[in-house]
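Worth knowing before you read on, the calculation uses all heavy atoms, side chains too, and leaves out hydrogens, waters and symmetry mates.
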Amino acid sequence: MEVTVVGAGVIGLCTALVLEERGHHVRIVAAELGERTTSAVAGAVGFPYRAGPPEKVAAWAARTRTWLEELARTAPEAGVDVLTGFEITPSPRDGEPVYPWWAAGIDVERAPAPVTGAPMAWRFTAPRAQPSLFLPYLRSLVRAPIETRVVGDLAHEAGDAVVNCTGLGARELANDDLLYPLFGQIAIVDSGGVDTAVTITDDRDPDAIFYMIPRRGELVLGGCSRPYPPGAPAELDRELTARILGQARALGLDVGAVRIERAGLRPYRLEVRLERDPKHPRVIHNYGHGGAGFTLCRGCAESVEALL
Ligand SMILES: Cc1cc2nc3c(=O)[nH]c(=O)nc-3n(C[C@H](O)[C@H](O)[C@H](O)COP(=O)(O)OP(=O)(O)OC[C@H]3O[C@@H](n4cnc5c(N)ncnc54)[C@H](O)[C@@H]3O)c2cc1C
């Protein structure tokens, strides 16, 4: 089939890759590439944060995890490494803690949290992609030409099928009010003295989430997740970085100096939209991956291919 993929973030590139692997002839059209996409701002650890619905997300995440783990073993240039993850959740008031909803098919166990002031956490393994390596790696695998242009009408694009991988752009392009921006911010800091084989998420305070994601030669600290005015560009919040650094210190994490801060807008929807458009069946939507685009990319791309 001749397929146009609209969008060149992690979702568009991964979709194009899977379609080509399965014998389709692909072209990509995207308004922005590389560093100018939301995908470039991500952590990007395999953890299904702010994405639904739960059963589909668990299946897409499992498929993506297997692929990322294979890349970690076989393609060092992809920038994927497997870390040990710890999620610190609120202490149960009575009884046993509730097993995490995202853990279907993953080995997750209770373990001492490797930080100050939090006795227990969920421990698991988590693949982490480094966007500055992973996005160029995907581009290097994809043969499709990339045309840089803003698409105004999906139904007018060429091909037997058009796959809409425009992230937040779908709010306008697919006229979808259920999709909205969730602000996120990270600080990239020197690795300091932390254990770079371990990623930690502290979800105890939903208004002040914290995470630490080691990369090759640097450390990502976050985070934040708050609704943002649609259409407005993501602006850095300097006070937020101070709060995040304070949390790292309070947890006893010996993080280094700040190199750069980055803000981005997660394309959030209660449920990822992955379906044929009811009015234009040639159009297949694949957007709304929230805080989990890297976590779900391969599984979603394979589901798109199954719809063709
Ligand atoms: C601070 C932060 C931390 C995150 N951490 C993680 C993490 O640890 N793990 C994880 O899995 N996810 C994480 N995410 C979420 C992840 O970044 C997103 O889910 C993912 O980037 C979405 O990818 P996408 O390809 O759909 O969108 P994008 O990367 O935004 O790409 C959209 C593409 O569509 C194009 N486009 C849009 N509109 C049009 C149009 N009209 N015409 C043509 N092209 C168009 C854009 O130019 C771009 O090429 C994080 C996000 C943020 C902000």
Side-chain angles (χ1 to χ4, degrees), residues 9-10 35 37-51 79 81 83-90 102 113-118 121-122 124 126-132 134-135 167-168 181-192 194-228 233-268 289-296:
V10 70
E35 278 299 299
T37 63
T38 302
S39 298
V41 183
V45 78
F47 187 82
Y49 180 65
R50 301 305 294 262
D81 301 290
L83 307 175
T84 300
F86 289 87
E87 187 193 22
I88 307 165
T89 50
W102 46 264
V115 296
T116 307
W122 295 106
F124 50 99
R128 185 271 297 121
Q130 188 148 335
S132 61
F134 188 64
L135 296 173
L168 211 45
L182 274 185
F183 179 83
Q185 183 165 310
I186 57 171
I188 298 178
V189 306
D190 290 336
S191 302
V194 304
D195 180 351
T196 55
V198 162
T199 175
I200 297 167
T201 302
D202 186 348
D203 290 337
R204 284 175 295 178
D205 180 351
D207 295 325
I209 55 165
F210 171 85
Y211 54 81
M212 178 192 91
I213 304 169
R215 288 181 179 164
R216 297 178 190 175
E218 64 190 27
L219 202 59
V220 176
L221 300 180
C224 162
S225 178
R226 55 168 108 106
Y228 206 70
E235 302 258 1
L236 278 177
D237 175 347
R238 305 277 171 193
E239 287 176 17
L240 189 53
T241 299
R243 188 268 279 166
I244 292 167
L245 289 171
Q247 273 174 293
R249 277 183 228 108
L251 290 168
L253 298 168
D254 177 20
V255 304
V258 175
R259 293 185 191 172
I260 188 169
E261 298 155 90
R262 300 201 65 181
L265 301 171
R266 301 175 183 92
Y268 179 69
H289 301 81
F294 286 80
T295 310
L296 307 178

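With values rounded to the nearest 0.5 angstrom, Thr196 atom OG1 is found 11.5 Å from Arg216 atom CZ. Atoms CD1 and CZ, on Ile209 and Arg226 in that order, are 10.5 Å from each other to the nearest 0.5 Å. Between Ser191 atom OG and Leu219 atom CG the span is 5.5 Å, to the nearest 0.5 Å. Going from atom OG1 of Thr89 over to atom CG of Asp202 covers 9.0 Å, rounded to the nearest 0.5 Å. In this structure, Phe86 CZ and Thr201 OG1 are separated by 11.0 Å, a value rounded to the nearest 0.5 Å. For the atom pair OG1 of Thr38 and CG of Leu265, the computed distance is 6.5 Å after rounding to the nearest 0.5 Å.
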Quiz item: Run the salt bridge (charged side-chain N to carboxylate O under 4.0 Å, His left out) check on Arg204 and Glu87 step by step: do they pass?
Solution: CA-CA 9 Å; Arg204 284 175 295 178; Glu87 187 193 22; over 6 Å; no
Exercise. Run the numbers on Phe183 and Leu240 for side-chain contact (heavy atoms from CB on, under 4.5 Å), then give the verdict.
Key: CA-CA 12 Å; Phe183 179 83; Leu240 189 53; 3.9 Å; yes
Quiz item: Please walk me through it: do Ile244 and Phe210 pass side-chain contact (heavy atoms from CB on, under 4.5 Å)?
Solution: CA-CA 7 Å; Ile244 292 167; Phe210 171 85; 4.1 Å; yes
Practice problem: Starting from the C-alpha separation in whole Å, work towards a yes-or-no answer on side-chain hydrogen bond (donor to acceptor under 3.5 Å, both in side chains) for Ser225 and Arg50. | Solution: CA-CA 9 Å; Ser225 178; Arg50 301 305 294 262; 3.3 Å; yes
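Under the 4.5 Å side-chain criterion, counting only non-hydrogen atoms from C-beta, Pro114 is in contact with Ile200. Looking only at side-chain heavy atoms (C-beta outward), Leu135 and Ser39 come within less than 4.5 Å of each other. Annotation: side chain of Gln185 is in contact with side chain of Leu236 (closest heavy-atom distance under 4.5 Å). The side-chain heavy atoms of Tyr49 and Arg266, taken from C-beta on, include a pair separated by under 4.5 Å. Residues Trp102 and Phe47 form a side-chain contact, since some pair of their non-hydrogen atoms from C-beta on lies under 4.5 Å apart.
Of the residues listed (Arg215, Arg128, Met212), the one engaging Val45 in a side-chain contact (heavy atoms from CB on, under 4.5 Å) is Arg128, and it is the only one.
Judged purely by atom type and a 3.5 angstrom limit, Tyr228 has no side-chain atom pairing as donor or acceptor with the backbone of Gly184.
In this structure, Arg249 has no salt bridge (Lys or Arg N to Asp or Glu O under 4.0 Å) partners at least two apart in sequence or on a different chain. Contacts of Pro267 classified as side chain to side chain contact (heavy atoms under 4.5 Å, CB included), with partners at least two apart in sequence or in another chain: Leu168, Leu179.
Between Ala42 and Pro131, the shortest heavy-atom distance links the atoms O-CG, 3.4 Å. Taking each heavy atom of Leu296 and Ala51 in turn, the nearest pair found is CD1-CB, 4.0 Å.
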Side-chain donor-acceptor pairs under 3.5 Å in residues 250-259, sequence neighbours left out?
from, atom 1, to, atom 2, distance (Å)
Asp254, OD2, Gly193, N, 3.4
Arg259, NE, Asp190, OD1, 2.6
Arg259, NH1, Gly217, O, 3.4
Arg259, NH2, Asp190, OD1, 3.0
Arg259, NH2, Gly217, O, 2.8

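Thr241 and Glu261 are linked by a side-chain donor-acceptor pair at a separation below 3.5 angstrom, with hydrogens and angles left out of the test.
Using cut-offs of 30° and 60° on the angle between ring planes, the pair Phe294 and Phe134 is tilted.
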